[in-house]
Amino acid sequence: MTKILAITNQKGGVGKTTTSVNLAASLAVSGKRVLLVDLDPQANATMGSGTNKQTVKTTVYHVLLGDAAIQAARVTSTQGKYDLIPANRDLAGAEVEMVDFSQRETRLKSALETIEHDYDYILIDCPPALNLLTLNGLCAAHAVMIPMQCEYYALEGLSDLVNTIKRVRTNFNPVLRIEGLLRTMFDPRSILAQQVSEQLQKHFGDKVYRTVIPRNVRLAEAPGFGLPVLYHDEQSKGAQAYLELAREILNA
C-alpha cells in the first residue's frame with residue numbers, strides 16, 4: 001500500500017525541503033518507488049532534485065487548477081532516482097485562484113489518487129505556512145513528518161502545528177496522524193539543543209525519530225549542485241543520517 005507523507009512545519013529554515021529531497025533519494029536507493037511533490041512556491045525541492053524551475057512547462061500549479069493531469073506534470077529526477085511533481089513561482093497565485101473552487105482543500109488528494117498505485121512512498125514538501133497549499137498537502141497525506149530544530153521557538157510553533165493537524169483530521173482527513181518529529185540541524189554541543197530534545201522525547205515519546213540529522217556542510221552544499229546529498233558525498237554525516245532515517249521508516 002502506498003504511504004503518503006506530508007513534510008511540514010510552518011516555521012521556515014528547519015530543514016523541511018532538505019529532508020524531503022534527501023529522504024526521497026534515500027528511499028529510492030533502498031529500492032522503493034518514490035514520488036516527491038513540491039508544494040512550495042519557492043520550488044527549492046524542484047531545484048534540489050536537479051530540475052530547472054525556470055524552464056519546466058507543467059507544474060503542480062497546473063494540476064491544482066485543473067489545467068493539466070498530474071501525469072503531464074510528472075518528471076523523473078535523474079539525480080535522485082525518484083519522480084517529481086515540480087513547482088515554480090506560479091504556485092504563489094494558486095491560493096487566490098482556488099478561492100471559489102469547490103473542494104479546494106482536496107485538489108491534490110484527488111490528483112494523487114490517479115497515480116498513487118505507481119509508488120510505494122509519496123512525499124509532499126509543504127510550504128512554511130499554514131495556508132491552502134499546506135492544507136492540500138495535509139488532506140492528501142496519510143501522515144505528517146515534522147522536521148524541527150531543537151530550539152525554544154520551535155516548541156512554541158509545534159503546538160500550533162499539532163492543533164492544526166487535529167483540526168484537519170476532524171474536518172477533512174480522518175486518517176491523518178503524526179508520523180514523527182525529526183530533529184534537524186542538531187548540534188550535540190549545544191546544551192539548549194539537548195534540553196529541547198529531551199523535552200520532545202518526554203512529551204512525544206516514540207513519535208520522535210531515533211535518527212537525528214546533524215548540522216553538516218555537505219547537506220548545505222548539495223542543493224547548489226542540484227543533487228541530494230547522497231550523490232554529492234555519500235560518506236558525509238548528512239547522507240548517512242538520511243539513509244538511517246529511511247531505514248528507520250522502512251523498518252517501522
Side-chain angles (χ1 to χ4, degrees), residues 5-27 39-40 42 44-45 48 123-131 133-135 137-138 141-169 176-223 228-230 236-252:
L5 198 57
I7 300 174
T8 186
N9 191 325
Q10 77 272 24
K11 190 175 187 301
V14 298
K16 177 183 56 62
T17 299
T18 297
T19 294
S20 300
V21 168
N22 289 295
L23 179 57
S26 298
L27 288 169
L39 208 54
D40 188 342
Q42 295 178 80
N44 290 333
L123 308 181
I124 305 171
D125 182 30
C126 297
L130 297 177
N131 56 21
L133 292 174
T134 298
L135 183 56
L138 295 176
H142 301 139
V144 180
M145 175 186 287
I146 306 172
M148 58 181 296
Q149 288 183 261
C150 289
E151 57 182 30
Y152 172 73
Y153 289 120
L155 288 175
E156 196 172 71
L158 180 60
S159 175
D160 294 337
L161 181 54
V162 169
N163 287 331
T164 297
I165 292 168
K166 288 178 180 176
R167 288 197 296 270
V168 172
R169 186 166 58 230
L176 189 67
R177 60 185 176 81
I178 295 177
E179 173 84 3
L181 280 68
L182 179 66
R183 292 162 289 176
T184 59
M185 293 181 250
F186 190 78
D187 184 353
R189 298 169 298 178
S190 166
I191 294 174
L192 176 61
Q194 291 177 12
Q195 289 173 338
V196 173
S197 178
E198 288 169 3
Q199 282 184 275
L200 286 175
Q201 290 171 307
K202 179 180 177 181
H203 287 99
F204 290 93
D206 59 5
K207 288 293 185 184
V208 180
Y209 289 105
R210 294 188 305 275
T211 304
V212 177
I213 309 301
R215 285 196 178 276
N216 183 248
V217 173
R218 293 291 186 258
L219 276 175
E221 290 175 349
V229 70
L230 178 62
S236 67
K237 289 182 179 179
Q240 291 301 309
Y242 278 109
L243 286 169
E244 181 59 33
L245 176 63
R247 284 191 288 270
E248 183 174 348
I249 289 171
L250 292 172
N251 293 328

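Since the structure is predicted, the reported quantities are computational estimates derived from the model, not experimental observations.
Note that CG of L135 is 10.5 Å distant from OG1 of T8, once rounded to the nearest 0.5 Å. Here the straight-line distance linking atom CD1 of I124 with atom CG of L5 works out to 8.5 Å at 0.5 Å rounding. Atoms CZ and CD, from F204 and Q199 in turn, are 10.5 Å apart once rounded to the nearest 0.5 Å. Put simply, NE2 on H142 and CG on L176 are 10.0 Å apart, with the number rounded to the nearest 0.5 Å. The structure places OG1 of T18 at 12.0 Å from CG of L23, a figure rounded to the nearest 0.5 Å.
Heavy atoms only, all atoms of each residue included: E248 and R210 are closest at OE2-N, 2.9 Å. Taking all atoms of both residues into account, the shortest heavy-atom contact from L243 to L230 is CD1-CD1, 3.7 Å. Here the closest heavy-atom approach between residue V14 and residue P147 is recorded as CG2-O, 3.5 Å. The shortest non-hydrogen separation linking R183 to T211 is NH2-O, 4.5 Å. For F186 against S197, the heavy-atom pair with the smallest separation is CE1-CB, 4.0 Å. Counting all heavy atoms, side chain and backbone alike, Y242 lies closest to L182 at CE2-CD2, 4.5 Å.
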Could you walk me through whether L200 and C150 pass the side-chain contact (heavy atoms from CB on, under 4.5 Å) test, one step at a time? CA-CA 9 Å; L200 286 175; C150 289; 4.3 Å; yes
Please step through side-chain contact (heavy atoms from CB on, under 4.5 Å) for the pair I7 and T17, ending with a clear verdict. CA-CA 8 Å; I7 300 174; T17 299; over 6 Å; no
Please test L181 against M148 for side-chain contact (heavy atoms from CB on, under 4.5 Å), starting from the C-alpha separation and ending with a verdict. CA-CA 7 Å; L181 280 68; M148 58 181 296; 3.8 Å; yes
Tell me, with the steps shown, if L123 and T19 meet side-chain contact (heavy atoms from CB on, under 4.5 Å). CA-CA 10 Å; L123 308 181; T19 294; over 6 Å; no
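Distance alone, capped at 3.5 Å, is enough to place a donor-acceptor pair between the T134 side chain and the A129 backbone.
Around atom NZ of K207, more than 12 heavy atoms belonging to other residues, nucleotides or ligands sit under 6.0 Å away.
Applying the salt bridge (charged side-chain N to carboxylate O under 4.0 Å, His left out) test to R169 and every residue at least two apart in sequence or in another chain returns nothing.
Among pairs with a residue in residues 193-203, none fulfils salt bridge (charged side-chain N to carboxylate O under 4.0 Å, His left out), at least two apart in sequence or across chains. Listed by first and then second residue, the salt bridge (charged side-chain N to carboxylate O under 4.0 Å, His left out) pairs that reach into residues 6-17 are K11-E151, K16-D40, K16-D125, sequence neighbours excluded.
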